[in-house]
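Here the structure is laid out as structure tokens; the discussion comes afterwards.
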Amino acid sequence: MSKLLEGLNAEQRTAVTTTEGPLLVIAGAGSGKTRVIVHRIAYLLEQGLARPEQILAVTFTNKAALEMKERVHHLVPPSRRRGELLLSTFHSLCVRILRRHLDRFGGAYTRDFTIYDTDDQGRLVKACLKELGLDEKQYPPRAMQSRISAAKNRGETPETLPPSSDPMRDALSRTFRLYEARLAAANALDFDDLLLLTVRLLHRFEDIAADYNDRFRYILIDEYQDTNPPQFNLVRLLTQQRQNLCVVGDPDQSIYKFRAADIRNILDFEQHYPKAKTIILAQNYRSTKTILDAANAVIQHNRARRKKDLITHNPAGEPICVFVAANAEEEADFVVKEITAWQRRHAHLPSPETRAAVLYRINAQSRLFEEACRRQGVPYVLIGGFSFYERAEIKDVLAYLRLLLNPHDDAAFDRIVNVPPRGIGKATLDILSAHAINNGVSRWTATLQLLEAGRLAARALTALNSFVQLIESLQALVGDTKLAGLVQAVIMRSGYDEMLRQEGTREAESRKQNLNELLAAAAEADERQESLREFLDRAALVADTDNLVDDARITLLTIHSAKGLEFPLVVVAGLEEGLFPHMRAAYNDDDLEEERRLFYVAMTRAKQQLYLTYAERRRVYGEEVLADPSRFLEEIPEALLMDVRQQGVGKLTPPPAAEVNGQHWSHPQPAGTKPVGTATAATGFRVGDRVAHATYGVGQVVRVADGKLDIAFLGKGVKRFVAGAAPLKKIARE
DNA sequence: AAGTGCCCGTTGTTC
DNA sequence: ACGGGCACTT
């Protein structure tokens with residue numbers, strides 16, 4: 001028997017060695033899912049079933065891909081792994097394919113396309129709304145953006161969304177159409193396009209599809225529960241010929257519905273691939289029995305679910321600690337203090353066994369924990385939120401670099417045309433933009449044409465001309481100069497360095513430091529002999545967790561970012577109604593069940609010890625609000641919990657119902673009621689209506705006058721809202 | 001064209 | 001509480 005199989009349980013072995021035909025591996029949290037994938041790849045190589053370049057494994061992050069590769073290398077001797085093992089995310093894979101074949105479409109898109117990130121997308125949507133004369137108040141850019149994205153992932157195109165008499169739908173249709181046209185004009189692809197165009201490419205050109213079918217004899221997909229329709233279609237197209245497809249995932253950990261992930265992909269796998277064999281990995285190797293029992297108890301509250309209980313032979317371990325803080329600052333202080341104390345108590349263990357993570361629902365919570373760490377002088381690593389590649393100065397310099405490769409990249413152009421300020425003001429840019437729209441050309445082309453015609457104020461002409469000179473002179477360096485040199489040239493010649501120097505603030509200093517880090521990253525890319533293109537692609541597709549520091553003592557991150565990770569000590573913070581489950585998810589069963597899965601993911605990150613904390617008061621939008629404990633806390637058997645303040649677990653029972661205007665209200669939302677839409681105006685509200693607010697919870701309209709609403713919230717008094725100014729949902733009676 | 005002050009929405013999760 | 005966007009000023 002192969003040494004590879006030693007130490008694997010019976011199910012894991014079957015999953016590793018069943019190499020013909022489709023295979024579905026339902027892997028519970030901590031059941032060795034990654035291990036199965038790694039060993040399966042190693043097995044394929046060792047048995048000579050495939051050469052490295054014939055295997056494709058798709059992971060959720062690039063970091064996961066790198067780790068897997070290392071582990072495979074550890075198991076397989078070098079002689080067996082000559083060739084390129086392709087381990088990557090769906091997005092990276094698609095960029096790779098498109099950079100090779102996108103020209104085949106022959107239309108506007110070429111292989112030199114630029115990738116628009118969410119930020120660029122937002123700018124573009126805004127510009128489209130403006131161009132169409134649509135009011136941003138009535139059609140919030142962010143909402144439009146996510147509707148467009150959702151439509152694209154459903155397979156809609158501007159053609160399938162015809163003009164409509166409904167103003168909202170019509171606005172969406174028109175914005176969508178213009179948005180797509182502008183993307184094409186800029187030779188730009190958004191994140192959705194990367195997947196969608198790859199699917200279209202393989203669908204349309206059989207020879208390309210055949211090539212990849214030929215090449216990839218074995219395909220493995222990790223975190224399959226979070227694949228979306230385009231990803232599903234891509235997998236279909238890649239497995240037409242051979243169905244040596246192995247998907248691994250856990251329906252209970254599906255947490256990306258908001259980005260179009262469709263849990264049915266995994267639930268219906270056996271229907272999609274009728275010859276599929278299914279293996280369930282139900283033994284958890286990660287967590288203590290206490291933690292696992294609690295997680296099992298919680299997830300059982302989900303009704304739309306295939307029953308699956310995880311078991312473990314691990315010891316019971318310590319009870320789960322629940323801490324109730326008076327406010328969010330106290331919560332954060334307690335968490336940091338408790339973590340350091342726990343680590344001190346376990347100082348005899350090797351340091352990887354005392355790593356801790358603070359998990360929270362929303363990024364805004366991170367600030368509290370950062371501040372608590374700073375106050376207590378404890379080093380920490382923050383994941384996400386304002387990560388490196390999202391910083392303005394980094395994006396600015398990257399925008400310069402993008403413009404060098406693709407001057408028609410309007411998003412990049414807009415970003416830096418007057419950064420640092422070089423006298424190209426609003427008036428000039430309006431003319432420029434109008435010219436670009438009227439002539440159907442990019443900003444860059446419009447600039448050249450305006451310069452040619454000379455029909456602008458002399459000052460504007462000089463400024464624009466020097467900008468063009470700058471870009472062209474930098475373009476001349478591409479290819480000849482090393483990346484580090486190029487980045488340095490951008491920072492210096494653009495005047496960015498000078499601008500930061502003149503500011504002279506601490507903030508400017510730290511931005512300068514960030515740019516130095518970017519320089520270092522460029523130098524590293526030089527060592528790997530990367531092209532500018534590859535450098536930019538990487539920058540566009542880095543995941544927050546890709547920069548995870550493995551040996552950090554304390555890591556702060558959202559639960560979403562924590563997917564696939566594990567820590568000996570985990571604190572899940574902010575377990576309050578309205579925050580977790582989040583207000584916006586509390587009104588429909590599907591969203592609420594996804595919140596519960598999110599909590600399930602959070603709990604099952606913990607190996608040894610789990611803390612659950614919440615604050616009775618928290619500042620939201622600068623205002624102190626009261627909060628009730630999360631309903632999820634009540635779903636954990638009390639025997640598994642310990643209140644670290646010795647207040648008794650009775651603390652966790654829901655607060656009594658309250659009276660508003662003589663009517664009885666229970667919090668949260670009364671059962672059986674449904675949201676009927678977001679209020680964009682006070683119209684449609686009547687005195688007596690039940691309404692919900694993202695921050696204050698359920699309330700009752702007590703006055704409607706002059707486009708204003710007075711709403712009474714339980715325990716929070718009467719608040720006044722201006723029409724269209726607040727995220728209100730009206731709740732229908734019954 | 002750039003600077004100042006006020007109003008408004010923000011904070012839901014990410015490749 | 002805070003920053004972006006806008007109107008208004010210099």
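Naming convention: chains lettered A, B, ... in sequence-line order (proteins, then strands); numbering from 1 in each chain. As the structure is a prediction and not an experimental result, all values here were calculated from the model.
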Look at the side chain of [X] and decide which nucleotide, out of [options], has an atom nearest to it.
| X | options | answer |
| --- | --- | --- |
| A:His560 | B:dT11, B:dT13, B:dA1 | B:dT13 |
| A:Ile362 | B:dA2, B:dT14, B:dT11 | B:dT11 |
| A:Val620 | B:dC15, B:dT11, B:dT13 | B:dT11 |
| A:Phe191 | B:dC15, B:dG12, B:dT14 | B:dC15 |
| A:Thr118 | B:dT13, B:dT10, B:dC15 | B:dC15 |

Heavy atoms only, 4.0 Å cut-off, all strands: where does [X] land among base, sugar-phosphate and nothing?
| X | answer |
| --- | --- |
| A:Thr61 | nothing |
| A:Arg142 | sugar-phosphate |
| A:Ser92 | nothing |
| A:Ala427 | sugar-phosphate |
| A:Asn228 | nothing |
| A:Asn363 | sugar-phosphate |
| A:Lys257 | nothing |
| A:Lys126 | sugar-phosphate |
| A:Ile424 | sugar-phosphate |
| A:Gln231 | nothing |
| A:Tyr256 | sugar-phosphate |
| A:Arg619 | nothing |

Nearest-angstrom distance from the residue atom [atom1] of [X] to [atom2] of [N]:
| X | N | atom1 | atom2 | value |
| --- | --- | --- | --- | --- |
| A:Glu390 | B:dT13 | CD | P | 11 Å |
| A:Leu189 | B:dC15 | CG | C1' | 14 Å |
| A:Arg584 | B:dT11 | CZ | P | 9 Å |
| A:Asp414 | C:dG4 | CG | P | 17 Å |
| A:Glu576 | B:dG12 | CD | C1' | 15 Å |
| A:Asp190 | B:dT14 | CG | P | 18 Å |
| A:Glu371 | C:dA1 | CD | C1' | 11 Å |
| A:Tyr116 | B:dT14 | OH | P | 24 Å |

Strictly below 4.0 Å: does [X] bring a side-chain N or O up to OP1 or OP2 of [N]?
| X | N | answer |
| --- | --- | --- |
| A:Arg361 | B:dG12 | no |
| A:Asn418 | B:dA2 | yes |
| A:Thr558 | B:dT14 | yes |

Practice prompt. Examine A:Arg402 relative to A:Phe413 and say whether NZ or CZ is less than 6.0 Å from the centre of the six-membered ring and inside a 45° cone about the ring axis.
Written response: no

Taking for A:Thr545 and for A:Asp591 the nucleotide of DNA chain B with the nearest heavy atom, the one nearer the 5' end belongs to A:Asp591

When A:Gly425 and A:Arg367 are each assigned the nearest nucleotide of DNA chain B, the 5'-most assignment goes to A:Gly425

Using ring centroids (six-membered ring only for Trp), state whether A:His301 and A:Phe632 fall under 6.0 Å. no

_Can you tell me whether the side chain of A:Glu594 and the base of B:dG12 have a donor-acceptor pair closer than 3.5 Å?_
no

The reported gap from CZ in A:Phe191 to CD1 in A:Ile115 (rounded to nearest 0.5 angstrom) is 7.0 Å

CD (A:Glu577) and CZ (A:Arg631) are apart, to the nearest 0.5 Å, by 4.0 Å

* Asked: Does a salt bridge link A:Glu180 with A:Lys152, judged by any charged N lying under 4.0 Å from a carboxylate O?
  -> yes

- Let me see the working for A:Phe90 and A:Val235 under side-chain contact (heavy atoms from CB on, under 4.5 Å), right down to the final yes or no. CA-CA 10 Å; A:Phe90 272 111; A:Val235 173; 3.8 Å; yes

> C:dG3 and B:dT13: how far apart are their C1' atoms, nearest whole angstrom?
Replying inline: 22 Å

Go through it in stages, so that I can follow the logic: the residues are A:Leu579 and A:Tyr360, the test is side-chain contact (heavy atoms from CB on, under 4.5 Å), and I'd like the CA-CA distance, side-chain angles, deciding distance and then a yes or no. CA-CA 9 Å; A:Leu579 184 59; A:Tyr360 35 79; over 6 Å; no

